[in-house]
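Structure record follows, encoded as structure tokens.
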Amino acid sequence: MVHAFLIHTLRSPNVEDRSLCRVLYSCVFGAEKSPGDPRPHGAERDRILRKEQILAVARQVQSMCQLQQQASGRPLTDLQLQSSDEPVSLHDAPHGAFRLAPGDPFQVSRTVVWLGVFSLGFALVLDAHENLLLAESTLRLLARLLIDHLRLLAPGTSLLLRADRIEGILTRFLPHGQLLFLNDQFVQGLEKEFIAAWPR
Amino acid sequence: MFTAAAENLLQQAREIQDEELGRFCTGVSKLLQEAPGPATVDALQRLFLIVSATKYPRRLEKSCVDLLQTTLCQPSCPEQLQVLCAAILREMSPSDSLTLSCEHAQNTQQLSLVASVLLAQLLPLSLKRAHSCLPGKPPQALLKAKSGLKVWAAQVTFLGTRDRGIGAAVPFPDVSRANAMLLGVLGTGGGSARERTWVTGKGDRRQEVRSVGQRICTVLESRQLDGSSPRPLLPIVSKVVGLAPDTLQSDHTDLLSKRLVDWLRYASVQQGPPHSGGFFSTPRARQPGPITEVDGAVASDFFTVLSTGQHFTEDQWLNVQAFSLLRAWLLHSGPVDPGSPGTDDKSELEGSTLSVLSAASTASRLLPPRERLREVAFEYCQRLLEQSNRRALRKGDSDLQKACVVEAVLVVDVLCRQEPSFLYRALSCLKALHAQLGTDEGSERALLALAQFFLNHGEAAVVGADAVYQRLFTRLPAEHFHSPVLAFDMVRFCVDNLGLFPSPLLGLLKSSFPNLFKLLAWHSAPLTSEFVALLPGLVDASLAVEMLHALLDLPCLTAALDLQLRNSATPSDRPLWDTSLRTPSCLEAFRNPQFQGLFQHLLRTKASGSVERLTPLHQLLQPMTSCARVVQCAQAVPTLLHAFFAAVTQFADGALTNQLALLILERSDSVYQVAGFEARVHRVLSGQLLALCQHKPALVVELARELLGVGGSVSSIRSHGSVLTCVVWAVGEYLSVACDRRCTVEQINKFFEALEALLFEVTQSRPSADLPRCPPQVITGLMTTLTKLASRSQDLIPRVSLFLSKMRTLTQNPAPGFAHQEEGTEAIRTRATELLTLLKMPSVAQFVFTPSADVCHPRYHRDTNTALPLALRTVSRLVEKEAGQPG
């Protein structure tokens with residue numbers, strides 16, 4: 001199962017602080033309770049904890065991605081260079097996986113699979129023994145769908161006010177965090193279904 | 001794309017004040033009461049952003065929250081609004097103003113959204129719920145406690161299930177143990193951190209999860225919510241069993257197992273009808289044909305996730321869902337419940353339509369649901385493996401084939417663990433699979449799953465396993481080291497199974513360390529922490545020396561791997577290396593037969609048992625040190641060295657300790673010159689050298705010649721850096737009869753002379769360009785060591801006293817070559833004064849500089865009559881007296 005899905009920035013537009021990392025969208029499937037806090041404000045603290053966990057993952061993905069880009073001698077290119085009509089090849093995009101140790105930031109050990117597309121990072125936080133090959137292709141599929149249907153790469157578009165589309169895609173392609181074995185025709189079927197529900 | 005405009009929007013959403021938010025909510029409420037339109041969608045999108053953009057809780061008006069919940073459950077509400085309402089409610093969670101319940105949902109799609117909100121909750125535990133959670137009567141002690149404690153009690157009763165893993169449904173946990181623990185925690189007001197986590201564990205939310213799970217099962221069972229497909233509900237099931245394994249009752253479990261059998265094995269083999277109602281649809285022209293395989297052939301057997309067609313029927317969709325959650329479900333329903341097999345048999349007869357239709361054909365159909373599901377799961381996996389040999393027409397399908405192979409092996413592994421009778425059939429088909437596996441990266445991933453299978457069934461599956469392991473450890477890292485996820489997967493496999501490897505395999509793993517290091521050298525950032533965990537399992541006495549060399553040469557290995565890729569690349573390949581860096585001379589060297597041997601040694605796949613000095617390569621590969629990957633790797637090495645030594649010192653005997661110390665002395669002046677690398681390595685190595693000396697003090701006597709070689713040469717200041725300081729210090733500390741009876745006066749004198757000459761050279765000589773400035777630590781170290789040696793061979797005391805007073809004068813009127821920072825000069829002067837004073841009383845000096853082994857005992861410091869405190873008092877009195885006298 002997938003514990004969480006998130007989209008975040010890899011490079012902030014803020015010139016003073018390029019390392020700033022913003023989570024643009026996150027979805028946690030099911031909750032993880034913070035340990036040992038029976039105090040009345042436990043619920044609020046839990047929410048803060050959950051948000052901070054996600055931010056911690058985003059930051060790690062950001063630095064992993066930067067290190068990988070550095071290592072392969074490819075600076076994080078800015079997005080405007082890319083024409084929005086050209087399909088992006090996600091197979092060349094930086095990607096990777098790393099493990100989060102138990103307690104840091106989640107209670108149990110989890111694996112993160114990530115993908116960097118220009119200035120956006122996409123990441124799945126997985127339970128420990130998930131099928132990584134499937135997770136990787138699901139993440140690519142999600143990124144591709146989000147880019148296509150939210151026109152993420154077109155200049156001036158933002159995903160911030162389009163949560164409904166993201167939710168619509170996730171409920172179909174990653175329902176409740178379940179990785180699905182979808183062959184090409186199933187993907188097309190689901191995509192058609194989504195387009196029918198969300199005309200452009 | 002994230003622009004400054006988006007950043008502004010985000011800031012606005014974060015900074016919105018309560019008052020403004022209140023007004024906004026009123027607006028949203030108004031819109032929600034009207035007919036849905038674009039304005040409603042827009043408002044909800046904004047509300048979602050406001051709620052989700054901050055980690056601090058947002059208080060929305062209760063009426064607004066209520067309306068969101070009502071809208072979510074309205075039958076005619078468009079999906080766009082529904083998902084937004086659900087997302088807002090989920091983002092607000094945990095929230096106590098939620099009145100949502102699964103009962104409110106009108107169709108399965110809504111039920112799914114409602115469940116997603118509920119599963120995200122962490123509602124504060126209400127007492128009513130707490131009691132309903134309690135199995136049976138709570139223990140008396142708890143009843144007496146205050147109501148707040150009852151809440152804890154309820155949570156405690158769940159601790160029995162916490163660490164038994166998935167599937168161990170324990171309806172009646174060990175209450176007395178829980179009770180004892182609860183009392184313990186309450187009594188001490190604390191308890192260990194682990195216990196506290198345990199006690200306040202998942203208790204409160206299980207009820208929430210349980211009610212969702214049961215509702216889903218009821219819907220699946222009774223087919224309530226007519227007309228809507230159970231498709232959205234299946235993923236909830238796997239989420240629920242993942243969050244709280246014991247929530248489903250056994251009749252629900254059986255029911256689901258039966259349903260899964262139907263969907264997995266008996267999905268339609270005809271394509272679904274095309275969507276009707278379209279303007280251009282011509283129903284006659286498109287007769288649904290049979291489903292096909294990924295290569296376009298007509299399907300030869302039952303439907304699987306690798307079967308395709310133009311359109312799919314509902315049960316084909318469910319087939320996909322069922323296989324996707326199969327492994328989690330099998331693990332959940334795994335352990336055989338010694339409950340009542342009789343009821344299973346009976347309920348089988350009244351199973352779903354499809355089961356009844358196909359009831360009598362084979363004996364296996366009469367199995368209880370769980371066993372039947374296993375049988376069907378096995379057949380499904382067999383079919384997937386067979387389908388994976390077909391040549392997929394589409395790239396997506398080809399990727400899916402590879403993921404399916406991995407999953408099939410993992411499922412078969414679970415099946416064989418639960419029911420060993422599958423093992424025989426599994427072995428034959430997995431062996432065949434190994435022979436057919438392709439050599440591309442995706443196909444090779446299945447090797448890890450295969451290896452895991454053989455590892456889990458080691459005793460039964462000896463034959464065939466070796467070939468898998470060999471390929472896994474020998475070829476995989478060497479050929480696919482550049483794939484980030486494969487590298488991670490491979491290392492994760494090694495770390496997770498470290499304790500499971502049987503001894504011959506562990507030997508193979510260990511001897512493959514040069515190959516595994518390739519993964520580390522290429523992906524140092526994500527893999528360093530994994531290797532810190534792996535190193536203790538990899539290293540043993542026979543490999544330690546070779547491994548330490550390999551770790552020190554790791555950045556060099558990165559450079560060599562880069563060259564290897566460059567050398568073997570065909571023009572069509574996507575370059576995996578830094579194309580901005582051009583290193584023709586390095587590539588030439590890589591191809592030069594003269595250096596073939598060295599490169600081959602560096603890129604070996606197995607431990608060779610021998611050590612090659614790679615110094616020529618360090619020079620040849622110098623241009624590669626500007627490569628970012630090499631720099632990153634060099635930054636990881638100190639951490640890895642620490643992990644290595646921490647592991648080695650656990651088992652190192654005298655001989656190995658000597659070897660390692662020797663290696664530190666040898667290698668300190670021969671590392672790859674990446675910026676800052678040498679200094680960082682020196683820092684680690686010097687600390688480790690001291691640790692080795694402490695571990696085995698006799699080392700200093702045994703390695704006297706080598707230590708003299710380093711300590712007696714002025715060039716060591718540059719080449720050995722901080723290692724030299726530690727060598728000097730170690731000589732002073734451990735070159736004594738107290739540490740090793742073999743220590744002779746001649747030896748002490750020899751060291752004294754060598755170090756004296758060194759000190760003389762670094763302090764007196766004229767400044768010269770080729771002599772690095774000597775750090776004050778080395779000078780004070782040398783002075784102290786000379787004094788220590790003199791205290792042990794007292795003929796030397798006049799010599800060292802003379803030297804020390806010269807040093808003191810020197811710091812007052814520094815010679816040109818003796819220009820140190822003010823602080824350094826001051827430290828040297830103070831040290832010289834102290835040492836001189838101590839030497840005035842040789843017996844005290846010896847006592848302070850070479851204390852007996854008793855110094856470690858507390859008594860030595862507590863008892864005023866024992867020696868050291870007494871001696872120290874005497875000395876400090878002397879020092880004070882000295883300091884008080886002018887001149």
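Only heavy atoms go into these numbers, but all of them, side chains included; no hydrogens, no water, no symmetry mates. Below, chains carry the letters A, B, ... as their sequence lines are ordered, and counting in each starts from 1.
- The shortest side-chain heavy-atom distance between Glu91(B) and Ser26(A) falls under the 4.5 Å cut-off.
- Residue contact with chain A, scored on non-hydrogen atoms closer than 4.5 Å, involves the side chain of Arg327(B) exclusively.
- Heavy-atom distances place no part of Ala5(B) under 4.5 Å from chain A, backbone and side chain included.
- With a 4.5 Å cut-off on non-hydrogen atoms, Ser112(B) touches chain A through its backbone and its side chain both.
- Between Asp496(B) and Arg99(A) there is a salt bridge, since a side-chain N of the basic residue sits under 4.0 Å from a carboxylate O of the acidic one.
- His176(A) has its side chain out of reach of Ser238(B): every pair of non-hydrogen atoms, C-beta onward, lies at least 4.5 Å apart.
- Side-chain atoms of Arg47(A) come within 3.5 Å of backbone atoms of Lys55(B) as a donor-acceptor pair (strictly under, hydrogens ignored).
- Neither the backbone nor the side chain of Leu581(B) comes within contact range of chain A; no heavy atom of the residue lies under 4.5 Å from a heavy atom of that chain.
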**OP:** Please step through side-chain contact (heavy atoms from CB on, under 4.5 Å) for the pair Leu10(B) and Leu160(A), ending with a clear verdict.
**Re:** CA-CA 8 Å; Leu10(B) 206 53; Leu160(A) 287 177; 3.8 Å; yes

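- Neither the backbone nor the side chain of Val112(A) has a heavy atom closer than 4.5 Å to any heavy atom of chain B.
- Screening residues 131-143 of chain A for side chain to side chain donor-acceptor pair (under 3.5 Å) gives Asn131(A)-Glu407(B), Glu136(A)-Arg445(B) as the qualifying pairs, with residues at least two apart or on separate chains.
- Counting heavy atoms from C-beta outward, Val294(B) and Asn183(A) have side chains that stay 4.5 Å or more apart.
- In this structure the side chain of Trp198(A) reaches within 4.5 angstrom of the side chain of Glu79(B), judged on heavy atoms.
- Residues Gln185(A) and Gln310(B) bring no donor and acceptor atom of their side chains to less than 3.5 Å of each other.
- Heavy atoms of Gln80(B) lying under 4.5 Å from chain A belong to its backbone as well as its side chain.
- Interface summary for chain A: among Asp399(B), Asp489(B), Leu113(B), the most heavy-atom pairs under 4.5 angstrom belong to Asp489(B).
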Subject >> Pair Gln109(B)-Thr171(A), side-chain contact (heavy atoms from CB on, under 4.5 Å): steps then yes or no >> reply: CA-CA 10 Å; Gln109(B) 210 173 350; Thr171(A) 41; over 6 Å; no

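- No side-chain donor-acceptor contact under 3.5 Å links Ser324(B) and Gln178(A).
- Only the backbone of Ser307(B) comes within contact range of chain A, with heavy atoms under 4.5 Å apart.
- Of the atoms belonging to Ala101(A), not a single heavy atom falls under 4.5 Å from chain B.
- The closest side-chain heavy-atom distance from Phe29(A) to Ser116(B) is not below 4.5 Å.
- Among His95(A), Gln60(A), Gln68(A), the residue with the largest count of heavy-atom pairs under 4.5 Å with chain B is His95(A).
- Heavy atoms closer than 4.5 Å to chain B are found nowhere in Leu141(A), neither backbone nor side chain.
- For Leu182(A), the parts lying under 4.5 angstrom from a heavy atom of chain B are both the backbone and the side chain.
- Among residues two or more places apart in sequence or in another chain, the ring-ring contact (aromatic ring centres under 6.0 Å, His included) test is passed with His3(A) by Phe106(A).
- Contact of Trp317(B) with chain A is made through backbone and side chain together, with heavy-atom distances under 4.5 Å.
- Only the side chain of Val41(B) comes within contact range of chain A, with heavy atoms under 4.5 Å apart.
- Phe48(B) has its side chain out of reach of Leu161(A): every pair of non-hydrogen atoms, C-beta onward, lies at least 4.5 Å apart.
- Side-chain atoms of Glu167(A) and Leu84(B), non-hydrogen and from C-beta on, never get closer than 4.5 Å to each other.
- Taking 4.0 Å as the cut-off between side-chain N and carboxylate O, Arg492(B) and Glu130(A) do not count as a salt-bridged pair.
- With chain B as the partner, the residue from Ile7(A), Leu132(A), Leu134(A) showing the most heavy-atom pairs under 4.5 Å is Leu132(A).
- In this structure, the portion of Leu306(B) lying under 4.5 Å from any heavy atom of chain A is its backbone and not its side chain.
- Your options are Gly177(A), Gly168(A), Gly96(A), Ser63(A), and the one with the most heavy-atom pairs under 4.5 Å with chain B is Gly96(A).
- Proximity of the aromatic rings of Phe186(A) and Phe312(B) is defined here by a centroid distance below 6.0 angstrom, and this criterion is met.
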